[in-house]
Amino acid sequence: MLKRPLQQPEGNPPASGAGANEKKKKKKKGKAQPFQQVHAAPRPDKGKKKKDGSSVPNSLLEADQTFDWLIAPTKASDFYKEYWGKRHLVIKRSDPSYYAGVFTKDDMDHMFRKHDMKYTTNVDITNYVNGERQTLNPEGRVNAGHVWKMYGEGCSVRLLNPQTFHKRLWGTMAKLQEHFGCGVGANTYLTPVGAQGFAPHYDDVDVFILQTEGSKTWRLYAPRTPNEVLPRESSGNFAQGEIGKPILEVTLEEGDLLYFPRGVIHQAYSPPATHSLHVTISTFMKNTWGDLLERAIPRALQIAMEEDVEFRKGLPRSYMEYMGVMHSDQDLDPRRKAFLEHFAMLWDKLTQYMPHDAAADQMAVKYIHDALPPALSDKEIEATVVGGEFPKFTKETSVRLIRALACRSVMEADAVVLYHVMDNTRVYHQDPEPAIIEFSLDCTPAIEALITNYEDGWVQIKELPHEDDPTGESRIDVVAAMYEKGLISIQKEDKKWANSII
């Protein structure tokens, strides 16, 4: 393990030394197939208690509580059993204040006037008239006066990824992503009285519609073919004659919620008496069994070809005489039958070499790249590099990972690579490569302990496992490298430092 002097960094510099080298990794793109989703039971309450009886904060439980709030009074267990990935859910609350403060028309106006927003990138101006959707975006920076002029003329206003500029939405999305174990996004839609902004279509994400102002009437339509159930890509715009009769027509009032899965065709309009403002929360883009298998199968084949001679044996010399599309109807040819039986045998053997965990790690890295950075509380800011000075770590320093899913440890070649969300911005994939810190292999036990023991609460550095580290210097270096990136918080009761952040 390389050694790094513990210095007082200015701002938030990259880690250096300590076997820790900050780099960027290219994101590997994947294709999805509509596999049936399988879901684990709800997470048990693993919150630990401190000696004084108070609870240790747990971001996983906070994430579950945020989801419970989102869909109340429906229970999460019922939702995942009956609705998730299967059918729509309407929650009528008769409580206009339920989503009060989530996002308002005034928030939208504030964003236009206070932030550097661009048409098409951040804002769309649209309408849907006579069966045709139009996008009426000018070029350049968003001007509040122009937006409200177009809105007054009957156009709808869509904000793309408003969490970039809106702290409360950011905090909600950052919590929900830990509930889903998948990236979460949002758009907001403002529609004037009696208008429709978009043509019928389906999306490649599961969506939750939060009605925050006014009301909106929704029509849902079943997927037209089995291939459009849980689709990989969003559709284009449909004509009304292409989508059949609606399976649901419902008007959402303030405080109501509508959920529907990927592939459900939908359109919506505001009624004649009121405008509509809603927030769409979306998730599970390309987070399927198909995406996992797409990562696992190529590597399984590589391993099989290296380790099993059956995969290295030559093809029959005459296979072109009976295999291929032009020969696909020659079922009675014994050579073709033998070829297909051998193919099936190899496929069965391939499953023995499937790198399940390595593929899961790749999906986890995808999550790390897609995720928002955590929205820290004031106390968390004080306990991290974000708001404090750099402490002098000792073996007695008590530390903890800042969020349960803030990083992922992956073995790559002769190093352990720690992928993390802390360099992500609130702009989706602003950096095309996920951030990493590289450590030497002997750091693996300490890093894994910090991640896997998150729910156990604070741990002193000397309690982290590490071979041949009697002074604790290597473990201190691991913690310091992670602290530099904002991944580690320090227990504020601990007063044993120079330059304390408390």
Side-chain angles (χ1 to χ4, degrees), residues 11-14 22-30 63 102-103 107-126 135 137-144 147 157-178 180-190 203-205 207-208 234 279-287 364-376 380-381 384-386 402-403 405-408 419-437 485-487:
N12 194 14
E22 186 195 3
K23 297 181 179 179
K24 301 286 182 180
K25 284 282 185 181
K26 292 184 178 179
K27 177 192 174 204
K28 298 179 180 179
K29 296 183 178 179
V102 171
F103 193 82
D107 291 335
M108 186 176 285
D109 182 69
H110 177 82
M111 290 165 63
F112 295 152
R113 299 179 188 278
K114 299 298 182 180
H115 296 284
D116 183 11
M117 304 180 73
K118 303 291 185 181
Y119 288 108
T120 305
T121 301
N122 306 118
V123 177
D124 282 329
I125 307 296
T126 70
T135 300
N137 294 342
E139 295 183 359
R141 183 172 178 173
V142 171
N143 179 285
V147 172
V157 182
R158 174 171 67 175
L159 267 60
L160 305 162
N161 298 314
Q163 62 271 19
T164 302
F165 307 102
H166 191 275
K167 187 172 182 179
R168 181 166 183 180
L169 279 179
W170 167 33
T172 301
M173 302 302 100
K175 289 181 179 179
L176 287 174
Q177 70 190 10
E178 289 210 312
F180 289 113
C182 180
V184 173
N187 290 335
T188 64
Y189 298 81
L190 178 64
D203 296 312
D204 58 352
V205 286
V207 298
F208 299 82
S234 297
V279 177
T280 296
I281 295 174
S282 59
T283 190
F284 261 62
M285 177 186 289
K286 296 181 175 62
N287 195 53
V365 169
K366 174 184 177 297
Y367 164 80
I368 292 294
H369 190 216
D370 293 347
L372 288 161
L376 303 182
E380 287 176 322
I381 289 173
T384 63
V385 73
V386 177
I402 192 65
R403 290 287 188 276
L405 301 185
C407 58
R408 182 76 175 193
Y419 292 83
H420 66 88
V421 305
M422 303 308 293
D423 282 352
N424 293 0
T425 72
R426 289 152 68 177
V427 177
Y428 180 70
H429 284 189
Q430 187 172 39
D431 194 319
E433 300 176 342
I436 68 169
I437 313 172
K485 302 309 300 179
L487 284 164

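This is a predicted model, so every value here is computed, not measured.
You'll find the side chain of Leu159 reaches within 4.5 Å of the side chain of Phe112, heavy atoms only. Proximity of Thr188 to Thr280: side-chain heavy atoms (C-beta onward) are nowhere separated by under 4.5 Å. The side-chain heavy atoms of Lys485 and Ile437, taken from C-beta on, include a pair separated by under 4.5 Å. Put simply, the side chain of His166 reaches to within 4.5 Å of the side chain of Phe103, judged on heavy atoms. With contacts defined as side-chain heavy-atom distances shorter than 4.5 Å, the pair Val157/Val147 qualifies. Here the side chains of Glu178 and Tyr367 are in contact, with some heavy-atom distance below 4.5 Å. Contact annotation: the side chain of Asn424 never approaches that of Leu372 to less than 4.5 Å [non-hydrogen atoms, C-beta and beyond]. Taking 4.5 Å as the limit, some side-chain heavy atom of Lys366 sits within range of a side-chain heavy atom of Lys286.
The line from CG of Asp423 to CD of Glu433 is 12.5 Å long, rounded to the nearest 0.5 Å. Here the straight-line distance linking atom CG of Leu176 with atom CD1 of Ile281 works out to 5.5 Å at 0.5 Å rounding. In this structure, OG on Ser282 lies 8.5 Å from CG on Asp204, to the nearest 0.5 angstrom. Once rounded to the nearest 0.5 Å, the distance linking CZ of Phe180 with CE of Met173 reads 9.5 Å. Of the inter-residue distances, the one linking Gln430 atom CD with Thr425 atom OG1 reads 3.5 Å to the nearest 0.5 angstrom. Atoms CZ and OG1, from Arg158 and Thr126 in turn, are 7.0 Å apart once rounded to the nearest 0.5 Å.
Shortest non-hydrogen contact noted between Ala371 and Val421 is CB-CG1, 3.9 Å. Shown here for Asn137 and Thr120, the closest heavy-atom pair between the two residues is ND2-OG1, 3.1 Å. Listed here is the closest heavy atom pair of Ala174 and Pro373: CB-O, 3.9 Å. Closest approach of Ala186 to Val279, counting heavy atoms only: CB-CG1, 4.4 Å. Taking each heavy atom of Ser234 and Asp203 in turn, the nearest pair found is OG-CA, 3.5 Å. Smallest separation of non-hydrogen atoms from Met422 and Ile402: SD-CG2, 4.2 Å.
Side chain of Arg426 to backbone of Gln163: a donor-acceptor contact under 3.5 angstrom is found. Of the possible donor and acceptor atoms, one in the side chain of Thr384 sits under 3.5 Å from a partner among the backbone N and O of Ile381.
Below 30°, between 30° and 60°, or above 60°: for His429 and His369 the angle between ring planes is below 30°, a parallel geometry. The aromatic rings of His115 and His110 sit perpendicular, their planes meeting at an angle over 60°, well past the 30° parallel limit.
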Residue pair Asn122, Thr164: steps toward the side chain to side chain contact (heavy atoms under 4.5 Å, CB included) verdict: CA-CA 9 Å; Asn122 306 118; Thr164 302; 5.6 Å; no
Residues Asp124, Leu160; criterion side chain to side chain contact (heavy atoms under 4.5 Å, CB included); working and verdict: CA-CA 8 Å; Asp124 282 329; Leu160 305 162; 3.9 Å; yes
Test log, rule side chain to side chain contact (heavy atoms under 4.5 Å, CB included), inputs Arg403 and Glu380: CA-CA 11 Å; Arg403 290 287 188 276; Glu380 287 176 322; 2.6 Å; yes
Chi angles and distances behind the side chain to side chain contact (heavy atoms under 4.5 Å, CB included) call for Phe165, Lys114: CA-CA 9 Å; Phe165 307 102; Lys114 299 298 182 180; over 6 Å; no
